[in-house]
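Inspection log for the structure reproduced underneath, given as structure tokens.
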Amino acid sequence: MKKIVMKFGGTSVASGENIRHVANLIANYVSQGYRVVAVVSALEGVTDKLIEAAEQAKKGNRDYFREFKQKLLEEHLTAARKAIENKRIQEEMEQILKTTIDELEKVLTGIIYVGELTPKSKDYVLSFGERLSTPIVGGSLRDLELNAQFYTGGEIGIVTDSNFGEASPLMNVTKHQVKEKIEPLLEKKFVPVVTGYIAATQDDVTTTLGRGGSDYTATIIGAALAADEVWIWTDVDGLMTSDPKIVPSAKMLPELSFQEATEMTIFGAKAMHPRALEPAMEENIPVRIRNVFNPENPGTLIVKEQKIKLGDAVKAITLVKDVALVNVSGAGMVGTPGTAAKIFDILGRDNINILMISQSVSEANISFVIQRSLSERAVSTLEIALLGRGLIREVTAEDDVCVVAVVGAGMKGTPGVASRIFTAIARKGINVRMIAQGSSELNISFVVKEIDGEEAVRAIHEEFKLNKI
Ligand code: ADP
Ligand code: ASP
Ligand code: MG
């Protein structure tokens, strides 16, 4: 009997009809004898709306909040009425939704009063998207006469550190607790329906696993249960040669190694959370990305050792937006050992993660790419720590850039890939600001102006004829 953890993303549960569709899909697998754990995201767009509401609350905007609360309740009530036919379950659901929104009201009111939004209170606010969506999926399953039970990530035993906004699971305790909690439910043929994205610290304070974190929840549970596979249901057929929204002719990749898929997700393939592959890779649990609107398609299978080999060196091209390029320059850096280490140490202590690094041969310049929202902080931190010492002359940041990443294990030891990439880019008259190749040789990434990003992706996709694989 196969044990599968299935994650349903925001688009899969965007409306009451979609939730009904998801419930039918689960019921179908259960009737075939599968044991299913469902992990559910917030309804599409709700997490973004909660961020906005939290920001407005901080500013003390009460009117915004009143309207927001009403709309949020309506949206979920409408979804619940479409997803559930049975009147009794429907009424029960309305009660749960109202109580949950009352709880959210208390939190936001608190933020309005103190005029402060801490990472801790923000995570609590953001947890409400999943707290509202998941019971509706549970209700819809019960409507189909399945024994479904709703839990939050914390209730099911996922424990994290207290790095709010980007918390990491404490895997040993988590695995133990999740197994203890879920196995007996599966034995009894229950379908546990768990909130994605949210978890709790050991003191039971709500945390989140970072944006898109429901994927991570699914693989954490998959690892704890030693599941046969983890299925990430989404709105595209699988991981593709590029984002189909940028390259409409992008093709699905039937099989990828954990390493390649990780490289793709770190560099912008939004179809999965970058850290989601870690727990699966450690326990060697295959992950499948599948289309909830096209379940006949087996999707992309991500495994340790790939059996299907694809022809070309380049497999996929991704685009990372919302980044900034920071330049640190000064003749004092030439021949001074440890300058780079110093810069990275300063940023590391300030919790600023670096995506990409390059240093020119003259050594008078070090450039790196970070998340755009952190660029001001990075510049001022570096200025305070370094400018006075004569080592560097200037720290600047460019905010209108993006990273294009070309990924594929076959690039290793294949000469001429880089020249083909940059010739294709040059032909379009696009200027490259910075280049880096990871030592893994799985990835060549470069920085261009944000307005050129999509065209650069299309040019490389065409050069390597990825629409023909
Ligand atoms: P979900 O709500 O299911 O979590 P997301 O919006 O997070 O869905 O991710 C799915 C989206 O990722 C797709 O609609 C697609 O536009 C985008 N995407 C970006 N790069 C890729 C890629 N290489 N392959 C597939 N999808 C991609
Ligand atoms: N709802 C969360 C987000 O929008 C988590 C997820 O969808 O995976 O980031
Ligand atoms: Mg997602």
Side-chain angles (χ1 to χ4, degrees), residues 6-15 18-19 22 39-52 122-123 125-134 152-153 165-167 194-199 207-220 231-254 256 260-276 288-294 297 299-300 302 314-321 402-408 453-454 457 460-461 466-467 469:
M6 299 189 185
K7 175 259 173 175
F8 298 91
T11 44
S12 316
V13 294
S15 65
N18 287 6
I19 292 176
V22 161
V39 174
V40 182
S41 288
L43 305 196
E44 193 179 22
V46 168
T47 308
D48 288 331
K49 289 182 208 158
L50 287 165
I51 294 181
E52 183 57 28
K122 187 170 176 183
D123 264 10
V125 173
L126 294 196
S127 75
F128 279 85
E130 274 72 10
R131 285 177 201 273
L132 289 164
S133 65
T134 311
T152 65
E166 201 81 45
V194 186
T195 59
Y197 180 54
I198 63 177
T207 53
T208 67
L209 302 172
R211 293 306 305 272
S214 299
D215 304 326
Y216 202 7
T217 305
T219 55
I220 292 167
W231 294 354
I232 309 286
W233 292 98
T234 182
D235 62 342
V236 284
D237 278 340
L239 268 177
M240 309 184 76
T241 52
S242 193
D243 186 344
K245 286 174 193 134
I246 301 173
V247 185
S249 64
K251 286 279 181 309
M252 189 196 88
L253 295 157
L256 281 169
E260 284 174 309
T262 302
E263 207 83 9
M264 278 178 72
T265 54
I266 289 176
F267 283 92
K270 197 188 155 210
M272 187 149 55
H273 185 284
R275 291 191 64 188
R288 229 178 245 284
I289 319 248
R290 308 188 59 173
N291 190 343
V292 78
F293 306 112
N294 184 18
N297 192 314
T300 300
I302 303 169
V314 169
K315 278 220 178 109
I317 303 130
T318 62
L319 184 63
V320 193
K321 289 183 182 162
C402 62
V403 176
V404 176
V406 185
V407 179
E454 298 200 352
V457 170
I460 303 166
H461 202 271
L466 294 185
N467 56 337
I469 62 159

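Read the numbers this way: they start at 1 and go in the same order the structure lists the ligands and their atoms. In what follows, every heavy atom counts, from backbone to side chain, and hydrogens, waters and symmetry copies are set aside.
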Check the side chains of [Y] and [X] for a donor-acceptor pair under 3.5 angstrom, ignoring hydrogens and angles.
X      : Y      : answer
Thr265 : His273 : no
Thr207 : Asp123 : no
Asp237 : Asn294 : yes

> Between Gly210 and ligand 2, does any nitrogen or oxygen pair lie at a separation below 3.5 Å?
Replying inline: no

> Any N/O of Thr47 closer than 3.5 Å to an N/O of ligand 2?
Replying inline: yes

> Got the closest protein heavy atom to atom 6 (C) of ligand 2, with its distance?
Replying inline: Ser214 OG, 3.4 Å

> For atom 6 (O) of ligand 1, what's the nearest protein heavy atom and its distance?
Replying inline: Lys270 NZ, 2.9 Å

> Hey, does Ser242 sit under 4.0 Å from ligand 1 if you only count heavy atoms?
Replying inline: yes

> Pick one: which of Val247, Val403, Ile246 meets side-chain contact (heavy atoms from CB on, under 4.5 Å) with Leu319?
Replying inline: Ile246

>> Using a 3.5 Å distance criterion without hydrogens, assess whether the side chain of Ser133 forms a donor-acceptor pair with backbone atoms of Ser41.
In response: yes

>> Is it the case that the side chain of Thr217 and the backbone of Tyr197 share a donor-acceptor pair, with hydrogens and angles ignored and the cut-off at 3.5 Å?
In response: yes

Take every heavy atom of [X], measure it against each atom of ligand 2, and state whether any distance is under 4.0 Å.
X      : value
Gly213 : yes
Gly196 : no
Glu130 : yes

Going by the atom numbers of ligand 1, which of them fall below 4.0 Å from some non-hydrogen atom of [X]?
X      : answer
Thr11  : 2 (O), 3 (O)
Thr234 : 1 (P), 3 (O), 8 (O), 10 (C)
Lys245 : 13 (C), 14 (O), 15 (C), 16 (O)

>> Any salt bridge linking Glu263 with Lys315? Criterion: basic side-chain nitrogen under 4.0 Å from a carboxylate oxygen.
In response: no

> Can a salt bridge be assigned to the pair Lys270 and Asp215 using a cut-off of 4.0 Å between side-chain N and carboxylate O?
Replying inline: no

> Tell me, do Glu130 and Val40 make a side-chain contact under 4.5 Å, heavy atoms counted?
Replying inline: no

Sub-3.5 Å N/O-N/O distance, [X] and ligand 1:
X      : result
Gly268 : no
Asp243 : yes
Met240 : yes
Thr318 : no

>> Within the 4.0 Å heavy-atom shell around Arg211, which atoms of ligand 2 are there?
In response: 3 (C), 4 (O), 9 (O)

> Counting from 1, what ligand 2 atoms have a heavy atom of Ser41 closer than 4.0 Å?
Replying inline: 6 (C), 7 (O), 8 (O)

>> Applying a heavy-atom cut-off of 4.0 Å, say which part of Glu44 lies close to ligand 1: side chain, backbone, both or neither.
In response: neither

> Is it the side chain (CB and beyond), the backbone, both or neither of Lys251 that lies under 4.0 Å from ligand 1, heavy atoms counted?
Replying inline: neither

